[in-house]
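Along the sequence shown, residues are numbered consecutively beginning with 1. Owing to the predicted nature of the structure, the values given are computational and were not obtained by experimental measurement.
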Amino acid sequence: MARALRSSLITLGFAFLLVSGCRPDRSSSDPSQDLVTVFGGSRDQACKYVSSQRKPYVVGWDEIKLNDLQRAINRGQPLAVRSENCSLELLLSCTAGGGRYRFSPATMTEPQEVELRSASEAIAEFQLGGVGLETYFDSYDRLHVIRALGGTWEVVGPSDFFDDDLGGSNCGRATHVVTAIDVGAYQVEGSQGKAGGGKVKAGATGARVGVGGSGSSSRSDLSKKGDPEQCRARWGETPSQACNTPLRLTLQELRPAAERESLCPYGMQHIQGGRLGELPLLEYCLDTAEVTVDQYRECVEAGACDVPPRSRFGTWRNPDRRDHPVTDVNWYDAIAYCEHAGKRLPTAAEWEWAARGRDEARPYPWGSRPPTADLACWDRADGKLGTCAAGEHALGSSRDGVLDLAGNVWEWTATPFQGNARRRVITGGSWRDQNVQALRAIARRGVKARDEGDGDVGFRCAAAVRSIELGSG
């Protein structure tokens, strides 16, 4: 089976994975009951999913908020927001300096139709917008969302935003800056009956009856912003008003001003250089924790990474493990993710240097004490417990504050194993390992670059240190 499911089709596929299984009884008068099947029994879990998305859809969002977003685009300065659970507050009087929105037209502008059969599907597919769409299921069996992308307003300027970059009122409430806004048009229709039809119908523009299947159903217009047909045209510096409705946001977390002069990007630790045996090492940055499912999903949705295959203990398809390390990724997947993130895979020497506490030559990242359940995620195979949340074992951190360098998942490195480019070094041990030797800083294995493991192989990224002029502000 081909693994290169790309762009919006991947997102739609993820929605199906979330809602697989028995469908809730539609006779229930409580529209939140559909969320029980998908999000572990409560609407709170659904809201945790929404707030975890760095690129939430706003298709079907409150119309006043959509209009406010459009005005923010017209002003040009990056907008500050407060993201909390199922709520996103637009702080219209608070903006970030040093950057402006610039428009890039889309290359794929064909309208697509998405069929939603429950409130849970609406939230899984459209996140913030889905919170509003779910109310329609009080009256309709299905929703049909026809959307078309016109282009993206993206911030040109700084790559990071700090809390002292903000100006205006209510900035103390800000948690994120909107660094990109995908715009286009959409319309929402509701139907009842047993009309068939695929999940996505490219080119569907305002059809009034069900597509496919043996049944039929009439549709009612519920909401419309812009005109999906108008998005087919190629635009220059700005799109037409009929194709400029916000569809999706990209949120970047604000960083404390104290981190402005950090040598490493947010979420990474600075590792000083030295000498590992006869090998000299320059200083570098290393991810604090292993790459998670949610982080990898952003790369998949951007079309830069492939969907991991199914395995017995894989984390990708488990909605309860979004903050666990992504597993079942081969070496090429890890390379693709790190490149997309503007980073790279660490070499085996860099990985070991960090794990052994640099020149302290520790046997384990935390020191010489043998591994325990408090220090590392390991010895869990008998209970088939699988991975732990990334970064959960703070007591087992390295000298430089790097987490999970022992246990949880084996980690890919850039280094060929014994000179064989088809095999790469993995290191660190995993939740499966019962022998403490696998968790030692010097432990290495050679694995074929195209192997994915069985829920026990993941990775983290490295990067060069920043060039910073101290005191420049």
### Query
Got Thr427 and Glu352 here, is their nearest side-chain heavy-atom distance under 4.5 Å?
no

### Query
In terms of heavy-atom contacts, does CZ of Arg82 have more than 12 from other residues, nucleotides or ligands at under 6.0 Å?
yes

### Query
Atom CZ in Arg173, atom SG in Cys94: separation rounded to 0.5 Å?
11.0 Å

### Task
Measure across Gly407 and Leu439 and return the closest heavy-atom pair with its distance rounded to 0.1 Å.
N-CG, 3.9 Å

### Task
With the side chain counted from C-beta on, respond yes when Phe313 and Arg432 share a heavy-atom pair under 4.5 Å apart, and no when they do not.
yes

### Message
Measuring only between side-chain heavy atoms, which start at C-beta, is Asp451 closer than 4.5 Å to Val457?
### Response
no

### Task
Answer yes or no for Arg445 and Trp410: cation-pi contact, defined as NZ/CZ to six-membered ring centre under 6.0 Å and angle to ring axis within 45°.
yes

#### Entry: Whether over 12 other heavy atoms sit under 6.0 Å from Ile442 CD1
no

### Message
Taking CG in Leu282 as the centre, count heavy atoms belonging to other residues, nucleotides or ligands within less than 6.0 Å. Is the count above 12?
### Response
no

#### Entry: Residues that Arg424 engages under side-chain hydrogen bond (donor to acceptor under 3.5 Å, both in side chains), provided they are two or more places apart
none

#### Entry: Near-ring test Trp353/Tyr284, centroid separation under 6.0 angstrom
no

#### Entry: Distance in Å, Leu405 CG paired with Glu411 CD, rounded so as to fall on 0.5 Å steps
6.0 Å

#### Entry: Rounded distance [0.5 Å steps], OG in Ser430 versus CG in Asp454
10.0 Å

### Query
Is there side-chain contact between His393 and Asp404, with at least one heavy-atom pair below 4.5 Å?
yes

### Query
In Å, rounded to the nearest 0.5 Å, how long is the span from OG1 of Thr327 to CD of Glu290?
10.5 Å

### Message
Applying ring pair (Phe, Tyr, Trp, His ring centres under 6.0 Å), can you list everything that pairs with Phe162, at least two apart in sequence or on another chain?
### Response
none

### Query
Hey, are Glu283 and His270 close enough side-chain-wise for a donor-acceptor pair under 3.5 Å?
yes

### Message
Can a side-chain donor-acceptor contact be found between Arg321 and Thr387 if the only test is distance below 3.5 angstrom?
### Response
yes

#### Entry: Between Asp323 and Thr292: side-chain donor-acceptor atoms closer than 3.5 Å
no

### Query
With side chains defined as the heavy atoms from C-beta onward, is the minimum distance between Phe161 and Gln252 less than 4.5 Å?
yes

### Query
If you measure only the distance, is there a donor-acceptor pair under 3.5 Å linking the side chains of Gln269 and Thr288?
yes

### Query
Does a donor on one side chain and an acceptor on the other come within less than 3.5 Å for Asp182 and Trp153?
no

### Query
Hey, what do you get for CD1 (Ile335) to CZ (Phe459), rounding to the nearest 0.5 Å?
9.5 Å

### Query
Is the closest side-chain donor-acceptor distance between Arg100 and Gln77 under 3.5 Å?
no

### Query
Which distance, rounded to the nearest 0.5 Å, do you find between the CD of Glu339 and the SG of Cys305?
9.5 Å

### Message
Using every non-hydrogen atom in the two residues, find where Pro416 and Val425 come nearest and quote the distance to one decimal.
### Response
O-CG2, 3.9 Å

### Query
If you take all heavy atoms of Thr413 and Trp351, which pair is closest and at what distance?
CG2-CB, 4.4 Å

### Task
Quick one: list whatever passes salt bridge (charged side-chain N to carboxylate O under 4.0 Å, His left out) with Asp287, sequence neighbours left out.
Lys343

